[in-house]
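Report on the following structure.
Sequence lines set the chain letters: A, B, ... in the order given, protein chains first and strands last, and positions in each chain run from 1. Computation of the quantities below employed the complete heavy-atom set of this structure, encompassing side-chain atoms and omitting hydrogens, waters and symmetry-equivalent molecules.
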Amino acid sequence: MTDEPGRDKVSGPDEEFSTSLTEGKFRIQQCNSCSAHCFPPRTLCPVCSSRDLEWRDASGIGWLHAFTIVRRSIEKGGDYNVVLVDLKEGPRMMSRVDGVALEDLKIGMALQAHVAQEADGDKVIFRPGESE
Amino acid sequence: MSRSLRGKSAIVGAALATPGPRPGWSAQEILADAVGNVLDQTGLTLKDVDGLFVGSAFHYTPTLSMAEYLGLRPRFSDSNMVGGSSFVGHLLTAAMALQSGQCDVALICYGSNQATAGGRLHSMAEPQPYEAPYAPRYPVSSYAFAAQRHMHTYGTTRTQLAHVATAARAWAASNPEAQERCPLSIDDVLNARMISDPLSKLDCCLVTDGGGAVIMVRADRANDFPEPPVYLLGAAGAHWHRQISAMPDLTVTAASESGPRAFAMAGFGPQDIDVVQLYDAFTINTLLLLEDLGFCPKGEGGPFVASGAIAPGGDLPVNTNGGGLSCCHPGMYGIFLIIEAVRQLRGAAPGQQIRGAETALVHGNGGVLSSQITAILGNEQTL
């Protein structure tokens, strides 16, 4: 079907995602056929194979699924966290949590996404969010 | 499960390159050293080899590079690259190629100078654009997430994980080919420098040089060689993700699928296995794989290893050469799992020999708990 949604896009989903980030927006795709959300961006819905994936503004709501403290010398910037976040929409993503001491990170804590413009690129990071 | 491959192919040669640091030797030179050793063991020459299976992080087209370097003109070759598990997967593809007549003598080989070349993990892995911006330490941070979730979900402790490292060291102590043999205590592991919480340096595998080679033929020729044959009884692989952020459940690996399928092909279960070789790149691997392969219930890996079950003298001999944690780990470890299993089944282990061992399970892990490939091996009595 040549008129199927998704075939006539100018750029691919990865580029659309990064363009959104440069505009300060965190968006994820939702499948119009089966309603599943997917992240990282896809060309085909991994649940139902449809091409009809539509960008939605992410709620930004998530919960800390797991974290690790990467140990690094003070001279190189010191220790930092890397986390896995379960998004309210369903997918899980890697990120970083700012605004909380390393020892206060807790599995299950509520988080809120922000788009950070950083020297090495735009990225989605999280801060502690409202508990629900 | 098709059992058409059960017992139809046999490993008739399995040899290491000279163990230990190899300064001045390249990856392909170490590989060729192992190939020379396996040819000596079997009485075959390079002219006899018509199937080539190579996994490598050093060569973009490993079978092309290695066939040229060795002077081979393979009729069939495969460099399916699923990280360190590749070589266990090659057992399955080699058996398929042998049975379908695509080749008659299959050579599976690997060589690496990872340690003397600088100690960093040699990798051609492309950056993962949805993970790299957060700078996880690759690959240890990925395994750290799995360890943390296992602790959170099942109450597993760092002390229990440390038992995996001390058991491996205890096996290594009697293996002259193992690269770390000095005594290791639980406190040593707990007090080692943290790399990516909750994994310390001693929760991580060694960084060494090393190489290995395995030769496989159809079973009808299995007894034409000097050493007792070891038969492939079952094999299966599964993979569910590439990046750790896409792993469906951080406490359940695809070994929970590959294991049952490999057992079904072999007609065996975990209770039938005499010796186990698990890909222990990190201590958490051993726990997850023991559970997913059915050697203990899910979530009970911690108490199981802390009971001494997998250490010398325990009920389940695991990683009898010292494993990747204490014997060797030159970037990818899969070939070494196979070689130790074969030596155990021949009654010719370099370290502690498990008396009367007739069956072995070999399990390769690749990527970040991504590729899981299980093989069941047995000696003549198991056919």
Side-chain angles (χ1 to χ4, degrees), chain A residues 12-15 17-18 21 26 28-29 38-42 46-47 62-73 76-87 90-98 102-103 105-109 113 115-126, chain B residues 126-156 158 161 190-204 239-252 282-284 288 367-370:
Chain A
D14 280 330
E15 188 167 310
F17 178 77
S18 52
L21 279 188
F26 173 30
I28 67 172
Q29 293 165 302
C38 54
F39 184 88
R42 296 302 209 290
V47 177
W63 294 272
L64 185 58
H65 183 74
F67 62 92
T68 184
I69 314 297
V70 177
R71 301 296 174 167
R72 184 173 59 173
S73 65
K76 290 185 176 167
D79 301 341
Y80 61 95
N81 73 69
V82 183
V83 305
L84 296 177
V85 180
D86 287 329
L87 300 175
R92 184 176 298 152
M93 69 181 291
M94 185 172 284
S95 190
R96 182 183 84 216
V97 179
D98 285 355
L102 293 176
E103 57 272 23
L105 288 166
K106 280 198 172 53
I107 287 177
M109 69 189 290
V115 176
Q117 261 93 37
E118 303 196 338
D120 61 344
D122 305 319
K123 58 186 86 163
V124 177
I125 57 108
F126 286 81
Chain B
E126 73 283 13
Q128 302 293 319
Y130 296 94
E131 292 196 344
Y134 307 105
R137 190 156 293 160
Y138 190 84
V140 57
S141 294
S142 298
Y143 289 86
F145 287 131
Q148 192 200 42
R149 285 300 304 187
H150 204 276
M151 292 171 154
H152 176 78
T153 307
Y154 297 112
T156 305
R158 283 197 64 215
L161 286 174
L190 296 179
N191 296 329
R193 180 168 56 89
M194 237 349 146
I195 304 290
S196 190
D197 298 38
L199 301 180
S200 79
K201 183 167 187 296
L202 292 174
D203 287 295
C204 303
H239 53 92
W240 300 340
H241 70 279
R242 164 68 177 89
Q243 313 174 85
I244 200 68
S245 52
M247 184 169 177
D249 179 338
L250 290 166
T251 65
V252 182
F282 300 92
T283 50
I284 184 63
L288 290 170
V368 288
L369 294 167
S370 317

Residues K201(B), D203(B); criterion salt bridge (charged side-chain N to carboxylate O under 4.0 Å, His left out); working and verdict: CA-CA 5 Å; K201(B) 183 167 187 296; D203(B) 287 295; over 6 Å; no

Working for side-chain contact (heavy atoms from CB on, under 4.5 Å), residues Y143(B) and I244(B): CA-CA 8 Å; Y143(B) 289 86; I244(B) 200 68; over 6 Å; no

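Note: P133(B) leads P129(B), P133(B), A144(B) in heavy-atom pairs under 4.5 Å with chain A. Options D79(A), N81(A), V83(A), I125(A) differ in how many heavy-atom pairs under 4.5 Å they form with chain B, and the most are formed by V83(A). Interface check for chain B: of the options K123(A), R92(A), H65(A), the most heavy-atom pairs under 4.5 Å are formed by H65(A). Most heavy-atom pairs under 4.5 Å with chain B, from the set S95(A), G121(A), P40(A): that is S95(A).
Contact check for S196(B) versus F145(B): no side-chain heavy atoms found under the 4.5 Å cut-off. Counting only heavy atoms from C-beta outward, the side chains of F67(A) and V82(A) never approach each other to under 4.5 Å.
Heavy atoms closer than 4.5 Å to chain A are found nowhere in A147(B), neither backbone nor side chain. For chain A, the nearby part of R149(B) is the side chain; its heavy atoms alone come within less than 4.5 Å. Looking at V124(A), the atoms closer than 4.5 Å to chain B (heavy atoms on both sides) sit in the backbone and in the side chain alike.
In this structure, Q243(B) has no side-chain hydrogen bond (donor to acceptor under 3.5 Å, both in side chains) partners at least two apart in sequence or on a different chain. By the side-chain hydrogen bond (donor to acceptor under 3.5 Å, both in side chains) test, E131(B) is found to be paired with S245(B), residues two or more places apart in sequence or in another chain being considered.
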